[in-house]
Amino acid sequence: IRVRPLHTPRITAQMGTRDDDNQFMASAQNDNAEFVRRVFEDGWNRSRFDFLEGATADKIPFHYNGTTQQVTPDSLPGLVEVWRSAFPDLTMSVRHVIAQGDLVAATLTLKGTHLGPWAGRDASEAKVSVEEMMVFRFEDGLLVEMWEVFDNEGLLLQISRPATRT
């Protein structure tokens with residue numbers, strides 16, 4: 001008795017089997033998703049950015065709430081430090097990471113205590129919790145573009161209220 005496989009891979013020119021292509025794509029998506037997790041878990045939460053070396057384009061367009069600025073791997077740690085100067089106990093919790101093709105989307109929760117000046121407001125000692133979403137685009141394994149939607153109004157509202165003490 002001869003048994004035929006249920007699935008016969010189709011051959012594509014110079015790329016191996018379609019299954020190989022799918023495995024390569026899945027591997028790249030997993031690598032990109034892991035990189036995004038590290039941005040928050042290592043970068044934002046631990047101020048460790050060594051993983052950025054060689055993993056990003058030299059200049060990265062960063063689209064934030066309707067504006068675009070160019071960031072570099074060297075400028076990202078400074079951005080985190082600006083936040084930490086106002087929210088020293090800041091943490092970024094990664095809620096979801098979804099990878100498809102060259103894009104990775106993440107939903108996040110920023111938490112911290114407002115202990116330094118921020119957006120023209122003195123420290124309020126308010127505990128804040130803000131939701132945000134980010135999308136990262138990769139090209140040839142490098143981070144090349146970022147988008148962020150952040151509830152800035154929600155943050156400003158929270159730091160404008162007097163802190164409640166228990």
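The closest donor-acceptor contact from the side chain of Gln158 to the backbone of Ser129 lies under 3.5 Å. When atom types are taken as modelled, the side chain of Asp89 and the backbone of Gly112 share no donor-acceptor pair closer than 3.5 angstrom. Between the side chain of His96 and the backbone N or O of Thr107 there is no donor-acceptor pair closer than 3.5 Å. For Ser75 (side chain) and Val71 (main-chain N/O), no donor-acceptor pair under 3.5 Å exists by modelled atom type.
At a threshold of 4.5 Å between non-hydrogen side-chain atoms, the residues Val149 and Asn65 count as touching.
Rounded to the nearest 0.5 angstrom, Met146 CE and Phe62 CZ are separated by 5.0 Å. Summarising the geometry, atom CG belonging to Leu142 is positioned 9.0 Å from atom CZ belonging to Phe35; distances are rounded to the nearest 0.5 Å. Rounded to the nearest 0.5 angstrom, Leu108 CG and Glu132 CD are separated by 5.0 Å. If you take OG1 on Thr56 and CZ on Phe136, they are separated by 12.0 Å, rounding to the nearest 0.5 Å. Summarising the geometry, atom CD belonging to Glu145 is positioned 15.0 Å from atom NZ belonging to Lys59; distances are rounded to the nearest 0.5 Å. With values rounded to the nearest 0.5 angstrom, His63 atom NE2 is found 10.5 Å from Gln69 atom CD.
Dense packing is recorded around CG of Asp50, with more than 12 heavy atoms of other residues, nucleotides or ligands lying under 6.0 Å away.
Closest of all the heavy-atom pairs between Gly116 and Ala123 is N-CB, 3.5 Å. Nearest approach of Glu41 to Arg46, heavy atoms of both residues: O-NH1, 2.8 Å.
Using bins of under 30°, 30° to 60° and over 60° for the plane-to-plane angle, the ring pair Trp44/Trp83 lands in the perpendicular bin. Using cut-offs of 30° and 60° on the angle between ring planes, the pair Phe150 and Tyr64 is tilted.
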- [ ] Please test Leu90 against Lys111 for side-chain contact (heavy atoms from CB on, under 4.5 Å), starting from the C-alpha separation and ending with a verdict.
- [x] CA-CA 6 Å; Leu90 179 136; Lys111 290 186 178 184; over 6 Å; no

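With hydrogens and angles left out, the side-chain atoms of Lys127 and Thr113 include a donor and acceptor closer than 3.5 Å.
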